[in-house]
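A quick write-up on the structure given underneath.
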Amino acid sequence: MNKLLSYLKRAYNLGRKSSQPVVFSNPGFCYSCNQTSQFTAKNNWLRDHYLCDRCGSIPRERAIMYCIEKFYPDWREKVIHESSPVFRGTSLRLKNEAKNYLPTQFFPGVERGVVHRGFRNEDLEQLTFADESIDLHVSQDVFEHIFDPAQAFREIARTLKPGGAHIFTTPLVNKTSPTQWCARLGPNGAIEHLIDPPEYHGNPVSAEGSLVTVHWGFDIQKFIHDACGLFTEMVYIDALELGIRAEYIEVLVTRK
Ligand SMILES: [Zn+2]
């Protein structure tokens with residue numbers, strides 16, 4: 001586990017001192033670590049560089065925790081499943097404070113539902129959780145990496161308790177245009193790339209990174225409804241006093 005944590009820190013460039021000049025900095029309240037802090041950016045791309053001085057969280061992490069607090073203030077008592085967490089900021093807070101927090105990672109080729117490298121192995125397209133067993137599914141920048149997100153949304157809906165929700169972020173990079181598919185699985189299981197070059201993001205449990213399968217557009221709420229029949233609210237927060245300002249930090253709340 002310690003090995004994995006040190007890998008995560010390296011992979012996500014945590015804890016490194018930077019000599020870059022400060023773009024801006026302001027005090028405020030961080031929902032990720034639940035205390036007053038200073039938020040500092042040393043790069044204009046605030047989505048990845050506007051950090052809480054205390055917990056190292058980035059804006060989307062603070063935005064999703066704000067939504068969890070506001071919409072589900074009793075979250076500490078809930079059964080919370082988080083897919084593919086990186087243990088800093090919000091995920092760390094959920095892990096430390098929620099009574100029933102289930103972090104999972106997806107290890108392709110490993111039996112589903114078993115513990116592997118310290119994590120329960122769960123494939124969002126075929127979860128091993130029972131029907132109506134989860135209060136809150138949480139995912140942060142996971143749904144742009146799934147080959148069959150419609151099936152994943154159906155699995156989320158199946159396993160949510162009535163009254164529960166999927167609270168998540170995924171970059172809506174096509175926010176003014178329709179969703180665009182970037183990669184898919186062909187009939188023989190081979191990956192077909194639909195954009196050139198293919199796009200990859202960092203993956204805490206894979207050195208190769210995660211392939212981006214979809215550039216989500218403004219139509220994501222309709223996509224989710226068509227897939228699983230649930231409605232989704234989109235929350236956009238711009239609040240410097242909470243350290244929440246950046247591109248692509250919409251929080252989606254799909255309620256059952
Ligand atoms: Zn913080």
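Keep in mind that the numbers below use all heavy atoms, side chains included, and drop hydrogens, waters and symmetry copies. Remember, it's 1-based here, ligands and their atoms both numbered in the order they're listed.
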*Indicate the ring-plane relationship of F153 and F143, choosing parallel, tilted or perpendicular according to the 30° and 60° boundaries.*
parallel
*What protein atoms of element N, O or S are positioned under 2.8 Å from the Zn ion (ligand 1)?*
C30 SG, C33 SG, C52 SG, C55 SG
*asked:* Surrounding CG of N44 (heavy atoms of other residues, nucleotides or ligands, distance under 6.0 Å), is the total greater than 12?
replied: no
*Validation row, ring centre Y50 to ring centre F24 under 6.0 Å*: yes
*Count the heavy atoms belonging to other residues, nucleotides or ligands that lie under 6.0 Å from OH of Y236, then report whether that count exceeds 12.*
yes
*Return yes when atom CZ of R184 has more than 12 non-hydrogen atoms of other residues, nucleotides or ligands closer than 6.0 Å, and no otherwise.*
no
*Indicate the ring-plane relationship of Y31 and F29, choosing parallel, tilted or perpendicular according to the 30° and 60° boundaries.*
perpendicular
